[in-house]
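Just so you know, these numbers use all the heavy atoms, side chains as well, and skip hydrogens, waters and symmetry mates.
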Amino acid sequence: MLEVAEKLCDKVAIIKSGKLIRSGIMDDEIQVDYLEKTEEENSESSSENEDYPGEDVVEIVNLKGETTTVYKLADGRYMDRIERIFIFDGVDTWTDINGAEWNQAVN
């Protein structure tokens, strides 16, 4: 991927998980820095969201009986397919932006 950027761009910015890793003129230093950071991350724990409790994908239900499937974001929040945001309390409850509480659905 860096080879394509090198051909098309004078300047590049490498962003991973919403964080700026490096920016500037495309040169060997940026490529080496990017590769080193990628290798570091790969050698660390395989769990990307280990700082945030909860499963990566969860089916939840509210008191009205509505269900949705939520997906964990990099920042620990959850989002469903219609882009509603949910906050997980770390135990058993997700709260949407309207304050409604949801719990994990029992299959």
Side-chain angles (χ1 to χ4, degrees):
M1 182 149 58
L2 290 177
E3 296 83 20
V4 174
E6 189 172 21
K7 290 177 185 175
L8 298 175
C9 307
D10 295 326
K11 293 182 179 181
V12 296
I14 299 172
I15 300 171
K16 183 162 184 171
S17 299
K19 296 177 184 172
L20 180 65
I21 294 175
R22 190 73 193 261
S23 65
I25 297 171
M26 184 58 136
D27 59 14
D28 289 337
E29 186 177 323
I30 284 182
Q31 289 185 26
V32 168
D33 188 50
Y34 172 75
L35 293 173
E36 286 174 356
K37 287 194 181 292
T38 301
E39 287 174 8
E40 270 178 32
E41 291 171 0
N42 288 339
S43 67
E44 292 175 0
S45 173
S46 62
S47 174
E48 206 171 287
N49 295 319
E50 66 184 39
D51 292 340
Y52 303 106
E55 300 173 35
D56 291 339
V57 179
V58 184
E59 186 175 342
I60 57 177
V61 61
N62 66 14
L63 292 175
K64 295 179 185 177
E66 302 167 330
T67 62
T68 190
T69 301
V70 293
Y71 305 87
K72 188 187 298 184
L73 304 173
D75 64 3
R77 298 178 304 157
Y78 285 79
M79 180 183 287
D80 68 2
R81 290 188 175 131
I82 59 172
E83 299 184 5
R84 286 183 293 188
I85 299 293
F86 297 81
I87 306 299
F88 181 52
D89 71 357
V91 181
D92 63 358
T93 303
W94 287 259
T95 305
D96 67 23
I97 57 173
N98 297 319
E101 292 186 353
W102 298 68
N103 295 95
Q104 189 163 1
V106 177
N107 293 329

Any chance you could measure Ile87, atom CD1, to Asp75, atom CG, to the nearest 0.5 Å? 7.5 Å

Gln104 and Trp94, any side-chain heavy atoms less than 4.5 Å apart: yes

Does Thr69 reach the side chain of Val57, with side-chain heavy atoms less than 4.5 Å apart? yes

Could you state the interatomic distance from CG (Asn62) to NZ (Lys64), rounded to the nearest 0.5 Å? 6.5 Å

How close do Arg81 and Tyr71 get, counting heavy atoms only, and between which atoms? NH2-OH, 2.8 Å

For the backbone of Ala100 and the side chain of Asn98, can you confirm whether one donor and one acceptor N or O come within less than 3.5 Å of each other? no

How far apart are the closest heavy atoms of Trp102 and Arg84, and which atoms are they? CZ2-NH1, 3.9 Å

Can you tell me how far CD of Glu101 sits from CG of Asp92, rounded to the nearest 0.5 angstrom? 9.0 Å

Find out whether Thr68 and Phe86 are in side-chain contact, i.e. whether some heavy atom of one side chain is under 4.5 Å from a heavy atom of the other. yes

Using 0.5 Å steps for rounding, measure from the CD1 atom of Ile85 to the OG1 atom of Thr95. 13.0 Å

